[in-house]
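Read through the structure below, which is laid out as C-alpha cells, and then see the notes.
We count ligands from 1, going down the list as the structure has it; atoms in each ligand are counted the same way.
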Amino acid sequence: MMPRYVNDMIAPGPPGLPLARPGPSFTPMTSMAQTGAAGIAPAKALIDGFGRRITYLRISVTDRCDLRCRYCMPEAMAFSPRSEILSLEEIAAIADAFVARGVRRIRLTGGEPLVRRGVPDLARMIGRHLATGGLDELTLTTNGTNLARNAQALFDAGIRRVNVSLDSRDPATFRHITRRGEVEKVLDGIAAATAAGLGVKINMVALKGLNEDEIEPMLRWCAAEGHDLTLIETMPLGWIEEDRTDRYLPLTGVREAMAARFTLTPLIDRTGGPARYYRVEELGARIGFITPLTENFCAGCNRVRITAGGMLYLCLGQDARADLRGALRAGGPAALDALLDEAMTRKPEHHDFHIDRRGAAPAVARHMSVTGG
Ligand code: SAM
Ligand code: SF4
C-alpha cells in the first residue's frame with residue numbers, strides 16, 4: 001500500500017489553497033527549514049530501515065506531573081526515582097547529538113515539563129541551535145498549570161509556540177478529568193503565554209460522555225482567542241483505573257459531524273506532527289485531528305522520543321528502544337552517535353493500537369507521560 005505521505009517530501013498544495021492562517025501559532029517553513037527537513041539530508045542523516053528520515057525529537061524532561069488525567073495515568077502513579085533522571089546538561093548533550101544528525105524540531109514534554117526546575121534554562125541551552133540555524137523550532141507541551149510564571153522565560157529561550165492541554169473549560173469537568181486541576185490556572189497560563197508572544201495550540205483528548213459536548217464550544221472559543229485546536233483520540237498506553245473503550249470517541253465520526261455543520265478545507269501539514277489540519281471557514285479557525293486508532297499515519301513518521309531517564313523509544317506504541325544515557329555516560333558523544341545509527345535499524349514500521357476489545361491490555365505498558373506525548 002502506498003504511504004499516505006512521505007516525511008521527507010512536502011507535497012505541494014492545490015493551487016490557491018491557503019497553507020495556514022498567518023499568526024503566531026503557525027510557523028511558516030523557512031528556506032533553512034526546507035533545506036534541513038525537506039530537502040537535502042545532512043551527510044549523516046538518521047534514516048530508519050523503512051527509508052524514513054528522523055527530523056523530529058520529543059524529549060520528556062520528567063515523568064512527574066501535578067495532575068492525574070484519567071485517560072493518562074492512575075491516581076497512584078509510580079514515578080521514576082530522581083537518581084535515574086538525566087541532568088539538564090545531559091539532556092542538552094543528547095539534543096546536540098540529534099541536531100548534528102539532522103533533527104530540525106524538538107519538543108520538550110513530559111509528564112509535566114514545567115514541574116521540573118530549570119526547564120527554561122534547558123530551553124535556552126537547546127535554543128542556541130535556533131540562532132545558528134541548526135534547529136527550525138523548539139516547542140513545549142504543557143498542562144498549563146505553571147505556564148503563567150514561565151511563559152516569558154520560555155519565549156526568551158527561543159520558544160515561539162506551545163501546546164496546552166485543555167480537555168474542558170468547565171471547572172467541574174476539568175477537575176473530574178484531571179482529578180485535581182483548576183481550570184482557571186490553565187486559562188491564566190494561556191493568557192500569559194499569549195501576552196508573552198507565544199502561539200498557543202490547544203490539545204483536547206476527545207472523551208465519550210465526558211467532553212464530547214464541549215468540542216464545538218471549544219472550537220468557537222479557540223477561534224475567538226486565535227488558538228488552533230487539536231483533537232486527539234485516547235490511546236491504549238499504560239494501565240489506568242478505567243477501561244479506555246468506555247471513553248473512546250472515534251474522531252472520524254466527530255469530523256464527519258463537523259463537516260455537516262461547517263466547511264472544512266484541508267490544509268497542508270507543516271507542523272511536523274501526525275495531525276491532519278482543516279480550516280473551518282465559517283469560524284476562521286484551524287482544527288487538527290490526531291487519529292492513531294481510526295487512521296494510521298505511521299508511513300510518514302519522522303519522530304523518535306526520549307524519556308527523562310535517557311531511553312530512546314523509536315515508536316510511541318512499541319517497545320523498541322536504546323539506552324542513550326548508558327552510552328553517553330560510558331562512552332561520551334562518540335558512543336552516543338554510534339548508538340543512534342544502530343537504533344535506527346530497530347525503528348518499527350508502525351504501532352499496533354487497538355481499542356475495540358473491552359478489558360484488553362494496553363498496547364504497551366508504559367504511559368504516555370513516560371515517553372512524552
Ligand atoms: N503534561 C503535558 C500535557 O498534558 O500537555 C505534557 C505531556 S502529556 C502526556 C501530552 C499530551 O498527551 C497531552 O495532550 C495529553 O492530553 C495527551 N495524552 C496523555 N495520555 C494520553 C492517552 N493515553 N491517549 C491520548 N492522549 C494522551
Ligand atoms: Fe499530567 Fe499531561 Fe498526563 Fe495529564 S496528560 S496526567 S497533565 S502528563
Side chain to side chain donor-acceptor pair (under 3.5 Å) assessment of D228 paired with Y277: CA-CA 10 Å; D228 291 339; Y277 285 98; over 6 Å; no
R366 vs T371, side chain to side chain donor-acceptor pair (under 3.5 Å): CA-CA, chis, key distance, verdict: CA-CA 8 Å; R366 63 179 192 279; T371 332; 2.8 Å; yes
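Below the 2.8 Å limit, atom 1 (Fe) of ligand 2 has as protein N, O or S neighbours C65 SG.
Hydrophobic cluster of Y313: the remaining members, joined at side-chain heavy-atom separations below 4.5 Å, are M311, listed by chain and number.
A cation-pi contact, defined as under 6.0 Å to the ring centre and within 45° of the axis, links R160 to F155.
Side chain to side chain, E112 and T62 fail the donor-acceptor criterion of an N or O pair below 3.5 Å. Remark: the R107 side chain and the T141 side chain contain an N/O donor-acceptor pair separated by less than 3.5 Å. Under the 3.5 Å distance criterion, with hydrogens and angles disregarded, no donor-acceptor pair is assigned to the side chains of S168 and D170.
The contact shell of ligand 1, taken as protein residues with any non-hydrogen atom closer than 4.0 angstrom, comprises Y71, C72, T109, G110, G111, E112, T141, T142, N143, S165, N203, V205, I232, E233, T234, M235, R244, M368, G373.
Looking at residues two or more places apart in sequence or on another chain, you find a ring-ring contact (aromatic ring centres under 6.0 Å, His included) between Y278 and F289.
Between the R244 side chain and the Y71 main chain, a donor and an acceptor come within less than 3.5 Å of each other.
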